[in-house]
Amino acid sequence: MGITYEDLLEVFNEDDIVRSDQIEGAETVAPSVLHTLENVGVPTPPSPWFEYVEDIGSSETVLEIDEPIRQAQGITSSALLCIAEIPYDAIALDPADGKVYCVPDGGSIYQLNTSLENYVHFLLVLHRHALPRETDGEWDLDTEDPEAARQQIQRLWREVDPAALGVRESAWYRILLDFVDPEAHHHSDAVTYPYPFFEEDLIRAHGGENG
């Protein structure tokens with residue numbers, strides 16, 4: 001059973017949920033993408049991890065992808081639409097099939113989530129179990145037990161979209177690293193650190209060494 005707008009309202013403020021019945025600038029939009037945008041919404045809350053795009057499909061959000069890369073990754077659209085940024089990478093939607101990709105600055109593109117709804121579900125799980133709060137410019141994870149929160153988030157993410165944890169370089173592992181060592185992301189990514197709780201079986205199954 002999929003998530004609903006009401007599920008998002010349990011965690012996010014109404015003003016921090018973007019809903020739309022269309023995407024400007026997209027030649028083809030999958031029905032599943034329109035359903036998620038119109039009926040569920042995309043969270044855009046204040047966050048220590050992401051900078052969100054509220055005007056999905058505007059000219060500023062279009063990311064042109066070279067044809068060889070599109071073919072190699074199975075990207076359907078001629079261009080992706082940036083929906084968020086995580087330093088220093090773009091999180092981008094293929095509107096034609098709903099897959100969400102990470103476009104690293106200087107690295108290789110990889111699939112972040114198998115659908116827009118799963119991406120939204122990941123954000124819901126993350127903020128439900130560790131609602132970040134900002135005080136005087138500093139972010140804290142609002143959880144008494146970061147390790148218990150990490151385990152719960154990772155377990156639920158695995159249930160929702162296991163392929164998303166099948167890439168070792170995934171931005172989701174970078175976020176989980178914050179629960180292990182809040183200072184780690186300032187100095188290292190999850191692979192270099194390394195993050196101690198990779199889903200190795202999923203990485204093997206999905207060939208998830210992003211090279």
Side-chain angles (χ1 to χ4, degrees), residues 1-13 16-19 30 32-33 35-37 39-54 56 80-87 89-95 97-104 109-132 139 141-143 146-180 185 189-190 195 197-199 201-203 205-206 208 210:
M1 186 175 183
I3 56 174
T4 65
Y5 178 63
E6 287 69 29
D7 291 330
L8 297 188
L9 287 176
E10 292 178 1
V11 175
F12 303 105
N13 295 325
D16 293 330
I17 303 172
V18 172
R19 293 201 290 176
S32 61
V33 172
H35 169 78
T36 300
L37 281 174
N39 299 305
V40 181
V42 178
T44 59
S47 168
W49 302 294
F50 296 101
E51 290 187 12
Y52 294 100
V53 172
E54 297 189 5
I56 298 174
L80 302 179
L81 303 177
C82 183
I83 57 176
E85 292 183 352
I86 180 171
D89 307 338
I91 308 301
L93 168 70
D94 184 341
D97 63 11
K99 293 178 181 177
V100 178
Y101 293 88
C102 183
V103 185
I109 188 172
Y110 61 87
Q111 183 177 287
L112 187 70
N113 285 104
T114 57
S115 71
L116 179 61
E117 182 173 351
N118 285 343
Y119 165 78
V120 172
H121 203 154
F122 268 44
L123 295 178
L124 176 62
V125 168
L126 175 63
H127 285 259
R128 174 174 280 160
H129 292 280
L131 188 63
W139 287 94
L141 299 177
D142 188 18
T143 174
E147 176 55 19
R150 182 204 64 78
Q151 292 181 23
Q152 181 76 336
I153 291 166
Q154 188 163 334
R155 180 183 67 79
L156 292 171
W157 280 356
R158 180 180 173 117
E159 292 178 2
V160 170
D161 194 0
L165 298 181
V167 178
R168 194 179 301 276
E169 292 82 358
S170 174
W172 298 122
Y173 282 125
R174 195 188 317 171
I175 289 172
L176 289 171
L177 181 59
D178 275 356
F179 294 83
V180 175
H185 72 279
D189 58 49
Y195 177 67
F197 304 109
F198 287 115
E199 299 282 356
D201 61 325
L202 297 180
I203 291 171
H206 292 89
N210 187 44

If I compare all heavy atoms of Phe179 with all of Ile153, which pair ends up nearest, and what's the gap?
CZ-CD1, 3.7 Å
May I ask you to decide if the ring planes of Trp157 and Phe122 are parallel, tilted or perpendicular, using 30° and 60° as cut-offs?
parallel
Would you confirm whether Glu117, through its side chain, and Ile3, through its main-chain N or O, come within 3.5 Å as a donor-acceptor pair?
yes
Got Leu8 and Val120 here, is their nearest side-chain heavy-atom distance under 4.5 Å?
yes
Mind listing the closest non-hydrogen atom pair of Ala164 and Ser170 along with its distance?
O-OG, 3.5 Å
Regarding Arg158 and Asp201, does a basic nitrogen lie under 4.0 Å from an acidic carboxylate oxygen?
yes
Parallel, tilted or perpendicular, as decided by the 30° and 60° cut-offs, for the rings of Phe50 and Tyr52:
tilted
Kindly indicate, with the supporting measurements, whether the criterion side-chain contact (heavy atoms from CB on, under 4.5 Å) is fulfilled by Leu37 and Leu116.
CA-CA 9 Å; Leu37 281 174; Leu116 179 61; 4.2 Å; yes
Please answer whether the main-chain N or O of Val100 pairs with a side-chain N or O of Tyr119 as donor and acceptor at a distance below 3.5 Å.
no
To the nearest 0.5 Å, how far apart are CG in Leu93 and OH in Tyr101?
10.0 Å
Would you mind reporting whether Pro43 and Leu124 have side-chain heavy atoms less than 4.5 Å apart?
no
Are Arg150 and Val180 close enough that some pair of their side-chain heavy atoms sits under 4.5 Å apart?
yes
What closest approach, in Å, do Pro104 and Tyr110 show between heavy atoms, and which atom pair accounts for it?
CG-CE2, 4.1 Å
Quick check: are there more than 12 heavy atoms from other residues, nucleotides or ligands sitting under 6.0 Å from CD of Glu147?
yes
Value for CG (Leu112) from NZ (Lys99), rounded to nearest 0.5 Å, stands at 13.0 Å
Hey, are Gln151 and Arg155 close enough side-chain-wise for a donor-acceptor pair under 3.5 Å?
no
What closest approach, in Å, do Leu165 and Tyr173 show between heavy atoms, and which atom pair accounts for it?
O-OH, 2.7 Å
To the nearest 0.5 Å, what is the distance between NE2 on His121 and CZ on Arg128?
7.0 Å
Compare every heavy atom of Arg19 with every heavy atom of Val40, then report the nearest pair and how far apart it is.
O-CD, 3.8 Å
Can you tell me how far the CG atom of Asp89 sits from the CD atom of Glu169, to the nearest 0.5 Å?
11.0 Å
With no hydrogens and no angle check, is any side-chain donor or acceptor of Asp161 less than 3.5 Å from a backbone partner on Thr114?
yes
Measure the spacing between OG1 of Thr4 and CD of Glu10 and express it to the nearest 0.5 Å.
7.5 Å
Between His127 (side chain only) and Leu123 (backbone N and O only), is there a donor and an acceptor less than 3.5 Å apart?
no
Specify the closest pair of heavy atoms between Pro95 and Val33, including all atoms of both residues, with the distance to one decimal.
O-CG2, 3.7 Å
Gap between atom CG of Asn118 and atom OG of Ser32 - 0.5 Å precision
10.0 Å
